[in-house]
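Worksheet for the structure shown next.
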There are 2 protein chains.
Amino acid sequence: MRPLFHPAIEDVRPEAILHALADPSRAAIFAKIMQAGCVEACSAVSAVGDRVIPKSSLSNHFKVLREAGLIRSERHGVEVRNHSRWMEVEARFPGLLAGIINAYASDEGSHSHAAETP
Amino acid sequence: MRPLFHPAIEDVRPEAILHALADPSRAAIFAKIMQAGCVEACSAVSAVGDRVIPKSSLSNHFKVLREAGLIRSERHGVEVRNHSRWMEVEARFPGLLAGIINAYASDEGSHSHAAETP
DNA sequence: ACCCATAGTTCGGAACTTCGGAACTAACGG
DNA sequence: CCGTTAGTTCCGAAGTTCCGAACTATGGGT
C-alpha cells in the first residue's frame, strides 16, 4: 500500500484548500478533526449530519483533504489517524481556515434543519 | 434577456462562495473587481495572468460569482457593470473573503514564474 | 499458522460539471 | 436600417464526482 503522500506546506495551494472545503461534508469532517483533539480515525466519521457517507466516498474525501494539505494521515495498525495541519496552514495563509470554519458554523445556525419558529 | 438573478445575502451559502473562489481565474476576477473601485465591465477582464479566457467561459465565471452572492451585476446600456458585495458578505461571514484574497495574494508572491534562488 | 473480522483503498460505470466555439440577442451609433 | 460591440445561450467533448463491488492490509483469536 502506498505510503500516503502529503504536500510540503510550501506546495499547498489556496485553490486546493478552497476546493477541498467547498464540499460541506469535507468541511464538516475537517471541523470535526480539529475539534476532536486533532486526531480522528476515518471510521469515526461514518455520517455527516443525517447523511450516511459510503466508505469509498469517505476514503476519497480524506484523500482530497490530505492532498490539499489540510490533514496529515498516519497508518497506525489497521486504522488511519488524521491530524489537522491547522498551525502550518495558519502560518502560511493567516485567517483563511478560521474564516471558512466560522462561515460554515454561522451558516448552520442560520437555517435550522427542522422548522423552528412556526 | 433574463433580469440577472442575485441571491439575498441571507441565502448566500459558504460552499457556493468557496466553490466560486476555488477557481483561480474567478478569484483573480473577483480580486480585480474589488480593487478596481468596485465596478468593472465584463469585457475589461479578457485575460487572467497570461491566459486568454473565451467570452463564453467569462460569461459563465461572472454568473458563478453572481449566483454565489459575491458580485452584483447591472446592465448599463450595452455593457454589464459588476460591483463587489464585499460589505454584505463581510457582515455575514466575517473574515472569510479577506482570508481567501490574502491567501491567493501571498501564494502569488511565494512561487516566482522563473527560477529565483538557485 | 491459519482464518476471520475490521479498516481502508481501488476499480469502473453512471451521472454530473466544466470548457469553449459557433450562433444568437440586445443596445447603441451612424 | 445596417454594423459593431457586449454579452448570453447552445451543445458536444472532456473531465470530475459519486458510490457499490471487489480488493488489500493488519491484527486477533483459536
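Residue numbers begin at 1 in each chain, while the letters A, B, ... track the order of the sequences.
Between B/L96 and B/L18 the shortest side-chain heavy-atom distance falls below 4.5 Å.
B/D107 places no side-chain N or O within donor-acceptor distance of the main-chain N or O of B/A103, the cut-off being under 3.5 Å. Side chain of A/H6 to main chain of A/S73: a donor-acceptor pair is present (N/O by atom type, distance under 3.5 Å, no hydrogens or angles). The closest donor-acceptor contact from the side chain of A/R66 to the backbone of A/L4 lies at 3.5 Å or more, if one exists at all. Remark: the backbone N or O of B/L21 is paired with a side-chain donor or acceptor of B/Y104 at under 3.5 angstrom. Looking only at distances, no side-chain donor or acceptor of B/R26 sits under 3.5 Å from a matching main-chain atom of B/V64.
Mapped onto DNA chain D by nearest heavy atom, A/K55 and B/F62 fall at different nucleotides, with B/F62 at the one closer to the 5' end.
Summarising the geometry, the separation between CD on A/E15 and P on D/dT16 is reported as 14 Å, rounded to the nearest angstrom. Rounded to whole Å, atom P of D/dT8 lies 16 Å from atom CZ of B/F5. For the pair B/E79 CD and D/dG7 P, the interatomic distance rounds to 6 Å; values are reported in whole Å. Between the NZ atom of B/K63 and the P atom of D/dT9 there is a distance of 7 Å, given to the nearest Å. Atoms CD (A/E74) and P (C/dG8) sit 14 Å apart, rounded to a whole Å. The CZ-P distance, from B/R66 to D/dT8, rounds to 6 Å in whole Å. Rounded to an integer number of Å, the gap from CG of A/L58 to P of D/dC18 is 12 Å. In this structure, CZ of A/R75 is placed 15 Å from C1' of D/dG27, rounded to the nearest angstrom.
Counting only heavy atoms from C-beta on, A/V78 has its side chain closest to D/dA25 among C/dT9, D/dA25, D/dT9. Here the nucleotide nearest the side chain of A/S59, chosen from D/dT8, C/dT10, C/dA7, is C/dT10.
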In B/S/- notation, 5' to 3', how is nucleotides 15-21 of chain C contacted by protein heavy atoms closer than 4.0 Å? ---SSBB

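One finds a salt bridge joining B/E79 and B/R81 here, because a Lys/Arg side-chain nitrogen approaches an Asp/Glu carboxylate oxygen to under 4.0 Å.
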